[in-house]
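Here's the structure we're looking at; comments come further down.
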Amino acid sequence: MKKYQFAVLGAMLLTATSFLFGHTAGAAQNDNWLNSNKTELSAHRGAQVAAPENTLESITQAGTLGYGFVEIDVQRTKDGHYVLMHDKTVDRTTTGTGQVGDLTLKEIQGFSIEDKQGNKTDYQVPTLEEVLGEANKYNLGINFDGSKGNWQDKGFVEGIMDEAEKAKVLNHSFFVLSNAGIRDQFNKWYPEATVTFLGNALKNVDSDIKELKKYKNAIYTTSIQNVDQETAKKIKKAGLKLHIYSVNTAETYAKAKKIHPRLIETDVIVP
């Protein structure tokens, strides 16, 4: 079985890249992450440089490698369990087939995770409870991607929030909800929770800022391609922290570091 032979070399190369542009420190236990001026790396779908996406091992590796946050995709099984899965189906990332919502937890965990090359691994689809518990061990913040699952359903949302509170990560988390109606409803249910959406600072910085300032706690999220130093300064002047995603090259990492965001989300850069 091939088990991420590229990871060691990739980690060495990208760690060297991190050294070139500066180290990102981890957050202190129980600090107010949204008010911090640190720049931390966020591992998109977990530490994909060391383990398959959205696996428990990808969370463990994120903590071990020194990431500050992890981005995760949550869905619910046919029998009501929360699991990590990016796609609506399990086809791409496991040995099984079918939609997450049509399968029980036992059925889903009967499949093996496949790596990016399609090789079968020893990993299985993790539950949200397992993942949040592991994240808490390493004081990892959580970026909940609200484009997966039914965030209009109060029962679906309540279950996730209960799991996050139980694992003691709720106050070290934020929720990406790009649908304005869903985001506003979520905010009514949980006004203290930190929210965001996928903004475009180069095109819509003023209207994006106005929208985010409606909420008690918010962070400005945008792609590295859709922000520059001028718009970043405008966002900071408005009292908002910045979360930049799609930072996957030395060039974009250098650009992101100059902007000094709160979070840099990446698939490949290693702290």
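These numbers come from a predicted model, not from an experiment.
- With salt bridges taken as basic N to acidic carboxylate O contacts below 4.0 Å, none links Asp145 and Arg45.
- Nearest approach of Val157 to Trp151, heavy atoms of both residues: CG2-O, 3.5 Å.
- A distance of 13.5 Å separates NZ of Lys213 from CG of Asp208, quoted to the nearest 0.5 Å.
- Side-chain contact between Glu211 and Asp184: present, with at least one pair of heavy atoms (C-beta onward) separated by less than 4.5 Å.
- For the pair Ser112 (side chain) and Lys120 (backbone), a donor-acceptor distance under 3.5 Å is absent.
- For the pair Ile235/Thr222, no side-chain contact is recorded, criterion being any heavy-atom separation below 4.5 Å from C-beta on.
- Atom-to-atom distance recorded for Asn187:CG and Ile182:CD1 is 13.5 Å, nearest 0.5 angstrom.
- Separation of atoms OG1 (Thr221) and CG (Leu263) is listed at 8.0 Å; rounding is to 0.5 Å.
- Summarising the geometry of Thr196 relative to Ile219, their closest heavy-atom pair is OG1-O, 2.5 Å, with the distance given to 0.1 Å.
- Defined by atom type and a distance below 3.5 Å, a donor-acceptor pair is present between the side-chain atoms of Asn37 and Lys241.
- Between Lys234 and Asp206 there is a side-chain heavy-atom pair separated by less than 4.5 Å.
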Test side-chain contact (heavy atoms from CB on, under 4.5 Å) on Tyr123 and Thr93 and set out the steps.
CA-CA 11 Å; Tyr123 306 123; Thr93 56; over 6 Å; no

Pair Glu57, Thr121 - check side-chain contact (heavy atoms from CB on, under 4.5 Å), show working.
CA-CA 11 Å; Glu57 182 65 15; Thr121 73; over 6 Å; no

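- Under a 3.5 Å cut-off, the side chain of Ser58 and the backbone N or O of Ala51 do not form any donor-acceptor pair.
- Gln109 places none of its side-chain heavy atoms less than 4.5 Å from the side chain of His81.
- Between Phe175 and Phe186, the ring planes are tilted. Angles from 30° to 60° get that label.
- In this structure a side-chain-to-backbone donor-acceptor pair under 3.5 Å is present from Gln75 to Met85.
- Checked options Leu212, Val176, Leu177; the residue passing with Phe197 is Leu212 (criterion: side chain to side chain contact (heavy atoms under 4.5 Å, CB included)).
- For Leu140 against Phe69, the heavy-atom pair with the smallest separation is CD2-N, 4.1 Å.
- The CD1 atom of Ile209 lies 10.5 Å from the NZ atom of Lys237; values are rounded to the nearest 0.5 Å.
- At least one side-chain heavy atom of Leu84 sits under 4.5 Å from a side-chain heavy atom of Leu128.
- Of the possible donor and acceptor atoms, one in the side chain of Tyr220 sits under 3.5 Å from a partner among the backbone N and O of Ala201.
- Gln225 and Ser223 form a side-chain donor-acceptor contact under 3.5 Å, judged by distance and modelled atom types alone.
- Taking all atoms of both residues into account, the shortest heavy-atom contact from Val83 to Val125 is CB-CG1, 3.8 Å.
- Taking the charged nitrogens against the carboxylate oxygens, Glu107 and Lys78 have no contact shorter than 4.0 Å, which rules out a salt bridge.
- Ring centers of Phe174 and His243: under 6.0 Å apart, within the cut-off.
- Minimum interatomic distance between Ala193 and Met161 (heavy atoms only, all atoms of both residues): CB-CE, 4.3 Å.
- Between the side chain of Lys255 and the main chain of Ile224, a donor-acceptor pair closer than 3.5 Å is present.
- Of the possible polar contacts, one joining the Ser178 side chain to the Leu198 backbone as a donor-acceptor pair under 3.5 Å is found.
- Here the CG atom belonging to Leu132 is positioned 12.0 Å from the CD atom belonging to Glu165, to the nearest 0.5 angstrom.
- Looking only at distances, no side-chain donor or acceptor of Asp267 sits under 3.5 Å from a matching main-chain atom of Gln48.
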List the steps, then state whether side-chain contact (heavy atoms from CB on, under 4.5 Å) holds for Arg262 with Trp33.
CA-CA 9 Å; Arg262 180 64 183 86; Trp33 74 271; 3.7 Å; yes

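- Nearest heavy atom pair, residue Ala135 against residue Ile59, reads N-CG2, 3.9 Å.
- Linking ILVMFWY residues whenever their side-chain heavy atoms come closer than 4.5 Å, directly or via other members, leaves Val247 and Leu202 in distinct clusters.
- Expressed to the nearest 0.5 Å, how far OG of Ser173 lies from CD1 of Ile72 amounts to 8.0 Å.
- Residues Lys203 and Asn226 have side chains not in contact (no heavy-atom distance under 4.5 Å, counting atoms from C-beta outward).
- A heavy-atom distance below 4.5 Å is found between the side chains of Leu41 and Tyr253.
- In this structure, the side chain of Asn119 does not engage the main chain of Glu114 through any donor-acceptor pair within 3.5 Å.
- Between Ile264 and Ile269, every side-chain heavy-atom pair lies at or beyond the 4.5 Å cut-off.
- In terms of modelled atom types and a separation under 3.5 Å, the side chain of Thr64 and the main chain of Thr60 share a donor-acceptor contact.
- A salt bridge links Glu134 and Lys137; the closest N-O separation between the charged side-chain nitrogens and carboxylate oxygens is under 4.0 Å.
- Counting only N and O atoms by type, the side chains of Thr266 and Asn248 include a donor and acceptor under 3.5 Å apart.
- No donor-acceptor pair under 3.5 Å is formed between the side chain of Asp87 and the backbone N or O of Thr89.
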